[in-house]
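I have placed the structure first, in the form of structure tokens, so that the comments after it can refer back to it.
Computed from a predicted model, the values in this text were never measured in an experiment. Below, chains carry the letters A, B, ... as their sequence lines are ordered, and counting in each starts from 1.
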Amino acid sequence: MRIASWNVNSIRVRMPMVVSWVRRFAPDVLALQETRCADADFPHGELEALGYEVVHHGDGPRNGVAIASRVGLESIEKGFRGPQRGAYREARLVGAVCAGIRIHSVYVPNGRALDDPHYLFKLVWLERLRGHVQLLGGDTPQIAVGDFNVAPADIDIYDPVRWRHRTHASPPEREAVAALVDLGLRDVFRERDPSPGLFTWWNYRSPLVENRGMRIDLALVDEVLAPRVTATEVDRVERATERPSDHAPIWLDVDPGR
DNA sequence: ATGACCTGTGTAACAGGA
């Protein structure tokens, strides 16, 4: 079973790339982030024509998450449970059970700056994600994929010294991600590839060849499924194409068992 | 020098991104 994740930075702009990528890589499940459109504007039809069911959770020009699956799409959860107030209404989380695995498509708040209120929102949001995963982690195995906007360790940033006092690298947000790992959600991309330069995002302003990137798109796989992961890849080729997203697609293969 | 870009929006400068 192949599970992919991609922050597309506008589905309206990127839909042709998504369709061609899906044809080439044939994911069973594709989690999308930053679709940046309302539910009514999401182009369901093109993915449905390829055999996918789609759930989109979007609230307008920012955020927006989706899951496309050709192996079933059940028990859909949009956002956190309970009352959604203020910024917590933003469309940053959608989950569904696909072929017996609960997939969470995650778009963690950016944080903006360490002294910005948005940074506190990011930390609380990550803690709420931990509660959400814990709540839904019954008998159904789980994978949380998406744009976590946190580089878990210095090796995940091209210049960690430069980023020491910025968002994406600060100790509190790294600890928030570590708290997810403590639940048994394993960072399988890093486990399988210890090399530096394993990035998933590159700033549009920096030439790609300089590889000034960060690894902020993660797949956190629970302890039942992690030993069954047979492949993890970042598709850097897609990032180098014409008019790309600033994030590369990532994908992993999981042996579904019997 | 992550500076130099991209996307969306009240189509003209701005938010916001990371």
Side-chain angles (χ1 to χ4, degrees), chain A residues 5-18 21 31-43 56-66 86-93 105-123 125-126 129 145-174 176-177 189 196-218 234 236 238-250:
Chain A
S5 178
W6 194 0
N7 177 323
V8 291
N9 186 14
S10 169
I11 195 66
R12 193 168 70 183
V13 171
R14 231 66 69 190
M15 195 59 187
M17 296 74 151
V18 170
W21 195 89
L32 298 170
Q33 302 87 36
E34 269 206 281
T35 58
R36 303 182 68 171
C37 73
D39 286 342
D41 299 326
F42 188 87
H56 179 256
H57 179 35
D59 53 13
R62 301 216 183 96
N63 315 309
V65 284
Y88 295 95
R89 278 195 293 265
E90 292 176 356
R92 295 179 175 276
L93 176 66
S105 180
V106 173
Y107 178 46
V108 174
N110 172 291
R112 296 178 192 163
L114 299 192
D115 59 356
D116 190 301
H118 202 251
Y119 176 70
L120 183 57
F121 172 53
K122 179 182 198 174
L123 296 179
W125 199 96
L126 278 164
L129 178 64
V145 289
D147 177 3
F148 281 75
N149 270 321
V150 178
D154 280 354
I155 194 176
D156 298 311
I157 307 186
Y158 77 97
D159 184 350
V161 171
R162 187 174 183 77
W163 281 81
R164 187 148 292 160
H165 302 296
R166 298 189 189 187
T167 64
H168 298 68
S170 70
E173 57 199 293
R174 283 181 170 172
V177 169
F189 274 71
L198 179 68
F199 302 143
T200 65
W201 170 89
W202 297 261
N203 194 307
Y204 282 124
R205 283 174 282 198
S206 178
L208 201 57
V209 289
E210 293 179 13
N211 199 29
R212 298 179 175 210
M214 292 197 281
R215 190 175 71 93
I216 55 176
D217 298 270
L218 308 177
V234 179
R236 300 169 62 108
E238 181 65 34
R239 179 61 181 82
T241 57
E242 187 102 5
R243 210 176 180 190
S245 168
D246 45 355
H247 295 252
I250 65 172

Q) So, for A:Tyr107 and A:Asn7, which heavy atoms are closest and what is the spacing to 0.1 Å? A) CE1-ND2, 3.9 Å
Q: Take atom CZ of A:Arg243 and atom C1' of B:dC6, then tell me their distance rounded to the nearest Å.
A: 8 Å
Q: Could you give the distance separating B:dT7 and B:dA15 at their C1' atoms, to the nearest angstrom?
A: 10 Å
Q.
Tell me which one of A:Arg36, A:Arg92, A:Arg89, A:Glu34 satisfies side chain to side chain donor-acceptor pair (under 3.5 Å) with A:Asn63.
A. A:Arg92
Q: Would you indicate what A:Asp159 reaches in the nucleic acid, counting non-hydrogen atoms under 4.0 angstrom: base, sugar-phosphate, or nothing?
A: nothing
(Q) Under 4.0 Å, heavy atoms only, any strand: does A:Arg166 hit a base, just the sugar-phosphate, or nothing? (A) nothing
Q.
If you only use heavy atoms from C-beta on, which nucleotide in B:dT2, B:dG16, B:dG8 is closest to the side chain of A:Arg112?
A. B:dG16
Q. Taking CG from A:Asn63 and C1' from B:dG16, how many angstroms apart are they, rounded to a whole number?
A. 10 Å
Q: Identify the two heavy atoms, one from A:Asp59 and one from A:Ala91, that lie closest to each other, and give their separation to 0.1 Å.
A: OD2-N, 3.0 Å
Q. Where do A:His56 and A:Cys37 come nearest, in terms of heavy atoms and distance?
A. CE1-O, 3.1 Å
Q.
Using atom C1' in both nucleotides, what's the gap between B:dA12 and B:dA18 to the nearest angstrom?
A. 25 Å
Q: From the options B:dC5, B:dA18, B:dG16, select the nucleotide whose nearest atom is closest to the side chain of A:Asn110.
A: B:dA18
Q: Check every atom of B:dT7, B:dG8, B:dG17 against the side chain of A:Arg12 and return the nucleotide holding the closest atom.
A: B:dG8
Q.
Counting only side-chain nitrogens and oxygens, does A:Tyr107 get under 4.0 Å of the OP1 or OP2 atom of B:dA18?
A. yes
**Q.** 5'-most by nearest nucleotide on DNA chain B - A:Gly60 or A:Trp202
**A.** A:Trp202
**Q.** Inter-nucleotide C1' distance (B:dT11, B:dA4), Å rounded
**A.** 24 Å
Q. If every non-hydrogen atom of A:Arg14 is compared with every non-hydrogen atom of A:Arg243, which pair is closest and at what distance?
A. NH1-O, 3.0 Å
Q) With both distances under 3.5 angstrom, what nucleotide forms a Watson-Crick or G-U wobble pair with B:dA15? A) none
Q.
Whole angstroms only, please: what is the CG-P distance between A:Leu218 and B:dA18?
A. 13 Å
Q. Which base, if any, makes a Watson-Crick or G-U wobble pair with B:dT7, both distances under 3.5 Å?
A. none
Q: Please state how far atom OH in A:Tyr119 lies from atom P in B:dA18, giving the value in whole angstrom units.
A: 16 Å
Q) With a non-hydrogen cut-off below 4.0 angstrom, is A:Asn203 in contact with a base, only sugar-phosphate, or nothing? A) base
Q.
Please report the distance, rounded to the nearest Å, between CZ in A:Arg62 and P in B:dA18.
A. 12 Å
Q: Find the distance A:Tyr204:OH to B:dC5:P and express it as a whole number of Å.
A: 13 Å
Q. Between A:Ser10 and A:Tyr158, which is nearer to the 5' end of DNA chain B once each is assigned its nearest nucleotide?
A. A:Tyr158
(Q) Say we look at B:dG10 and B:dT2: how far apart would their P atoms be, to the nearest angstrom? (A) 33 Å
(Q) What I want to check is whether an N or O donor and acceptor connect the side chain of A:Arg36 with the base of B:dT7 at under 3.5 Å. (A) yes
Q) CZ of A:Arg164 versus C1' of B:dT2: gap in Å, rounded? A) 17 Å
Q: Side chain of A:Met214 only, please: which of B:dG8, B:dA18, B:dT2 is the nearest?
A: B:dA18
(Q) Can you identify which nucleotide, out of B:dA18, B:dA1, B:dA4, has its nearest atom closest to the A:Asp246 side chain? (A) B:dA18
Q.
In whole Å, I'd like the distance from the NE2 atom of A:His118 to the P atom of B:dA15.
A. 15 Å
(Q) Using ring centroids (six-membered ring only for Trp), state whether A:Tyr88 and A:Phe121 fall under 6.0 Å. (A) yes
Q) What nucleotide among B:dG8, B:dA18, B:dG16 has an atom nearest to a side-chain atom of A:Pro61? A) B:dG8
Q: State which of B:dG17, B:dA18, B:dG3 makes the closest approach to the side chain of A:His247.
A: B:dA18
**Q.** Pairwise C1' distance for B:dA1 and B:dG8, with rounding to whole Å
**A.** 27 Å
Q: Looking at every strand, decide which applies to A:Asn7 at a 4.0 Å heavy-atom threshold: base, sugar-phosphate, or nothing.
A: sugar-phosphate
Q: Would you mind calling B:dA15 syn or anti? Take O4'-C1'-N9-C4 for purines or O4'-C1'-N1-C2 for pyrimidines, and syn is within 90° of 0.
A: syn
Q) Ignoring hydrogens and geometry, is there a side-chain-to-backbone donor-acceptor pair from A:Tyr204 to A:Asp246 under 3.5 Å? A) yes
